Amino acid sequence: MGIFKGFNEIQIHFSDALGTKIFNEDGIRIGNLSDFFVDYEEVYPLVLAIQFKNSGQYFYISWDDINEYSHKKIIVKNNAFKGRSRTYPKVTTNKIITSILASQFTGNTVEYPPLGKIVLDRQIVDTAGKKVVRVNDIQLIKAGTNLRVTHAAIGLRSMMRRLGYQSAIDSIIKLVKPNSKYLTSEALINWKFVHAIPNKSIQSSVKLNLSNEDIKELHPADLADILEDLDSHGRGIIFKNLDPKTAAETLSEVDDDLQVTMLRNEDLERAADIIEEMDTDDAADLLHELGEQRAEDIISRIDDDEIQEEIQELLEYKDDTAGGLMSTEYLSVLADDKKDDILKKIYKEHEDLETIYSIYIVDKNEKLIGQCSLRKLITQKDNIEIGEVMNSKDVKSMQVDSGWKEVASFMSKYNLMYAPIINESKELLGIISVDDLLPWLLNER
Amino acid sequence: MKDKKVKKEKKKIPSFYKRMIILLGIIGPGIITANIDNDAGGIATYSLVGAKTGYGLLWTLMPITVALIMVQEMSARMGIASGKGLADLIREKFGLKVTFYSLFLLVFADLGNTMAEFAGIASAGEIFGISRYISVPICSLFVWLLITKGNYKTVERIFIAGCTVYLSYIVSGFIIGPDWGEVIHATLVPNLEILTAENMPLVVGLVGTSITPWMQFYIQSAVVEKGITTKHLWHSKVDVIVGCFFMFLVTIFIIICCAVTLHTSGVHITTAADAAMALEPLAGKYSSILFGIGLFNASIFAAALLPLATSYYVCEGMGWESGVDKTFKEAPNFFTIFTSLIIIGAAMVLLPGINLFNILIWSQVINGVLIPIILLFIINLCNDPDVMGEYTNSTTYNVISYGIVLLMLLVNGALIYYEGIQRFL
C-alpha cells in the first residue's frame with residue numbers, strides 16, 4: 001500500500017487531482033499532473049499512465065513508475081520513461097470490448113487519448129438515463145495499488161467543486177439546512193453507462209471506433225431524443241454507426257427539420273438505404289421536404305423497385321391529404337383467395353406490412369370490393385374463400401384527395417384504426433392508420 | 001405516365017404561404033444575424049450618430065463592417081468545421097471556470113440588451129402616445145407567451161420580415177437626395193477630428209451595436225442547426241458578406257437620413273423617441289409612424305429572441321437541460337434564465353426617473369467591453385486544429401483579427417477614460 005501512503009480518501013475527484021505537483025525521487029519537480037490515460041477497454045477503466053505538461057510539451061509516465069501518489073505530490077522513479085506525446089500507446093488485447101471505446105485493430109498498438117480530453121466538460125450519452133449530459137467531473141477509486149474510473153459527475157455539486165466554491169457553498173448549506181440532500185448525494189453516472197463521443201481530431205488521428213452496442217439497445221424514440229440533444233458532430237458520429245434499419249426507425253422519430261438536415265448529411269447511397277427501410281409514407285414526407293433534385297437522386301438509388309415505385313407515387317400527393325399520409329404497405333387479396341393462402345401470405349410478408357389486422361379484398365382491376373379483419377378470418381374453417389366472409393357492403397373508405405381533418409373525423413366516427421384510401425375509380429391506393437394522423441392532431445407538424 | 005407528368009406540373013405551384021416559407025428558408029444565417037443586429041439599440045444609435053455628427057462618423061462604418069464580416073465569418077466557419085456551438089467549444093477547450101465567468105458576463109450584457117429592447121418598446125409606444133407603464137408590461141407578457149407557447153422559427157421569420165421596414169430608409173434616402181459626392185467622401189476618408197470626448201460614446205455605441213457578443217453565439221448555432229457542411233463553406237462566406245453589406249447599407253442610410261433632416265436643421269435629440277418626433281415636421285407624419293412600427297417590431301422580437309437565445313447558450317455551456325418544449329421541472333435553469341431576463345429587463349425600464357437613452361447607450365458599452373474577450377476566444381478556437389481541422393485561420397487573418405481586438409480595446413479604453421474617470425475626478 002506504499003503508493004497511497006498518507007492518502008486516505010477512497011474516492012478521488014479528477015478535478016482535485018489536476019495540477020498535483022510531480023517530483024522525481026531526488027525531489028526535483030518535473031511538472032504538474034494534467035490528465036490520466038486509462039484502459040478504455042475495461043468497464044471501470046484502470047489508470048495506465050499520467051500526463052503532465054512541461055514547457056508547452058505533453059509527456060506521459062506509466063503508472064508503474066509512480067512511487068507515491070496523493071493530492072499533495074506525486075513521486076516518480078528517477079529512471080521513469082517520459083514519453084513525449086499527447087497520446088498513450090496502448091497495446092490492445094483481443095477481448096472485445098465494453099461500452100466506451102473499442103479498437104478497430106485488436107492486438108496492435110493504439111494511441112489512446114487522455115481521459116479528460118474525451119470526457120471532462122464534454123457531452124456524453126447516459127445510456128441508463130437515456131439523456132445527453134455534460135460531464136463536470138470524473139470520480140476515481142483507489143483499488144489496491146491502482147486507480148480505477150468509476151463515475152462521471154454531472155450535478156450542481158460537482159460544478160461548484162470545479163468552480164472552487166464547494167467548501168463555501170457546503171458551509172452555507174450546513175448552516176441553513178444541515179440535512180439537505182445536496183450535501184450527501186451527488187448526481188453521478190455509473191461508468192458502464194457512459195457513452196463518450198470522441199471529437200474530430202481524436203477520431204481521425206487515432207482511429208478509435210465507438211462500440212455502438214449500448215446505443216443500439218435503446219428504443220428508437222429515446223435515441224431520437226438523444227440525437228436531438230447532441231451537437232451536430234456527435235449526432236453525426238452516432239447516426240453514421242447505426243445500421244440502416246435502426247437509422248430508419250430513429251430518423252422517423254426525429255423532429256421534422258432535423259430529419260431533413262440529417263438525411264442531407266448522409267451520402268446518397270446510405271440515404272437511399274435508410275429511406276428504403278422507412279415506412280413509405282414517412283419516407284415520402286421526408287423526401288418531399290428534401291427538395292426535388294436531391295429526392296430524385298436518392299429515389300433512383302433505391303434497390304427495391306417496388307418501394308421505389310411506391311415512394312414515387314406517394315410523392316405525387318400533397319402531404320396534408322390522405323394521399324400524402326397513406327402508406328402503401330397494406331395487405332390486399334383477391335375474393336377467391338383461400339384462408340390458408342392468405343395466412344401464408346401474412347407469414348411471408350408481415351414485416352413489410354403496416355398492419356395485418358385489416359385485410360382488403362380487391363378485384364382484378366385493384367378495385368376495392370371488401371374488407372375483412374384477421375380475427376374474422378382465422379375463426380373460419382380452413383378452406384374458406386375470403387369472399388364468403390368479407391364485409392362487402394358499405395366498405396368504409398376515403399378518397400385520396402381528402403384533407404387530413406376529414407380523414408380523422410371519418411375514422412373517429414366509425415371507430416377505425418385503419419382506413420383504406422381509394423381514387424375515383426375505387427382503386428385501392430393505400431391505408432391510413434390512426435398513428436399517421438396523431439402528429440397532425442397534436443399539432444406537431 | 002403522361003398523365004402523371006401533368007399532375008406533377010400542377011403540384012409544383014405552391015401556395016403563397018409556402019412560397020414565403022421557402023424564400024425565408026433560403027435566407028442564410030449570416031443575413032438573418034445581420035438583420036437582428038438592427039435592433040432597438042442599433043436604430044437609436046444610428047439615428048443619434050446622424051443627428052449629432054452628420055456625416056462625420058460615416059467613415060467609421062467601413063472598418064466596423066470589415067471587422068463584422070471577419071468576426072462573423074470566423075464564427076460561421078467554426079460552426080461549420082466543428083458542428084458545435086460557441087458556448088460548447090469554449091466549455092470543451094477552456095473548462096468550466098472560464099465558461100462560467102464568460103457566460104455570467106454574457107448574461108449580464110444580454111440583460112442590458114434586453115433592457116434596451118424594452119426601452120425600444122417603451123419609446124415606440126410613446127411615439128403613438130401609449131404610456132410605457134402600459135406598453136412594457138403587456139409586451140413582456142406577450143413576449144413570454146410567444147416563447148413558451150409559440151414557435152421559435154416563426155418568431156424569427158416574422159422578425160426578419162418586419163425588418164424590411166428599414167428598407168424605407170434607403171428609399172427615403174434617395175428621395176431626400178443628399179450630396180452623394182459628399183457622402184462618398186465622408187465614407188471613404190477618415191476624419192480624425194470628429195473623435196472627441198463628446199463623441200466617444202457614439203463610436204463605442206456604433207461598435208457595440210454592430211459587433212455584439214451574443215450575435216457570435218447566434219450565428220454559430222444557426223449555422224450548426226442548418227447543418228451546413230464544409231462543402232458549402234464558400235456559400236456561407238458569401239452569405240455573411242451579403243448580410244453585413246446589407247446591414248452597412250441600412251446603417252449608412254439611417255445616418256444619412258438623420259444627418260440631412262436633423263443635423264442640418266440643428267435639431268438636437270436626447271432620446272430615441274425624439275428621433276422619430278423630430279422626423280415628423282420635416283418628412284411628414286408617415287415617417288414617424290413608419291419609424292415607430294419599425295422600432296416596435298425590432299424591439300419586441302429582439303426582446304423575445306435575446307433572452308431565449310441567451311438561455312440556450314448558457315444551458316449549452318453549463319450542460320443544463322434546455323428547450324421550450326420541455327417542462328419547467330425538466331429544464332428549470334433554462335426557464336428561470338429567460339423568464340428573469342424578461343422580468344428584470346422590463347422592470348428596470350419602468351423604474352421611475354430612468355433615462356431610456358442611457359439604458360440604450362450603456363447596454364452597448366457592456367457589449368463593447370465583453371466583445372474583445374469573446375473575440376479572443378473565437379480567434380483562439382479558430383487556430384485550434386482540434387476544433388477546426390484544416391480550416392484554421394491564416395496568419396494574415398490572425399494579424400488583422402488581433403488588430404481589430406486591439407482597436408476595440410483602445411476605443412473602449414478611451415470611452416471608459418472619458419465617461420468614467422474624467423467625469424468623476
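Everything numeric in this text was worked out from a predicted model, so none of it was measured. Chain identifiers are assigned alphabetically (A, B, ...) following the order of the sequence lines, protein sequences preceding nucleic acid strands; residue numbering begins at 1 within each chain. As a basis for the values below, the full set of heavy atoms in this structure was taken, side chains included, without hydrogen atoms, waters or symmetry mates.
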Measuring heavy-atom distances to chain B, does [X] have an atom under 4.5 Å in its side chain, in its backbone, in both, or in neither?
{"X": "A:Met262", "result": "neither"}
{"X": "A:Asp229", "result": "side chain"}
{"X": "A:Val135", "result": "backbone"}
{"X": "A:Arg162", "result": "both"}

Original post:
Which pair of non-hydrogen atoms, one from B:Arg91 and one from A:Asn136, has the smallest distance, and what is that distance?
Top reply: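 Between these two residues, the closest heavy atoms are NH2-OD1, 2.7 Å.
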**OP:** Identify the heavy atoms of A:Asp231 and B:Asp88 that sit nearest to each other, and give their distance.
**Re:**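 Shortest heavy-atom separation between A:Asp231 and B:Asp88 comes out as OD2-OD2, 3.3 Å.
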Original post:
Under a 4.5 Å heavy-atom cutoff, which of B:Ser221, B:Gly319, B:Gly85, B:Ser322 has the most pairs with chain A?
Top reply: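 Winner by heavy-atom pair count: B:Gly319.
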I'd like to know whether [atom1] of [X] has more than 12 heavy-atom contacts from other residues, nucleotides or ligands below 6.0 angstrom.
{"X": "B:Phe108", "atom1": "CZ", "result": "no"}
{"X": "B:Phe104", "atom1": "CZ", "result": "no"}
{"X": "B:Lys326", "atom1": "NZ", "result": "yes"}

Subject >> Heavy-atom donor-acceptor pair, A:Arg134 side chain to B:Glu316 backbone, under 3.5 Å >> reply: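 At least one qualifying donor-acceptor pair exists.
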**OP:** Output all residues satisfying ring-ring contact (aromatic ring centres under 6.0 Å, His included) with A:Tyr58, sequence neighbours left out; order by chain, then residue number.
**Re:**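 Expected list: none.
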**OP:** Sequence neighbours left out, what passes ring-ring contact (aromatic ring centres under 6.0 Å, His included) with A:Tyr88? Give chain and number order.
**Re:**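 A:Tyr88: ring-ring contact (aromatic ring centres under 6.0 Å, His included) contacts with A:Phe37, A:Tyr60.
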Subject >> B:Lys93 side, atom NZ; A:Lys117 side, atom NZ - distance, nearest 0.5 Å >> reply: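 That separation rounds to 8.0 Å.
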Subject >> Euclidean distance, B:Leu96 CG relative to A:Asp121 CG, rounded to 0.5 Å >> reply: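 Rounded to the nearest 0.5 Å, the CG-CG separation comes to 6.0 Å.
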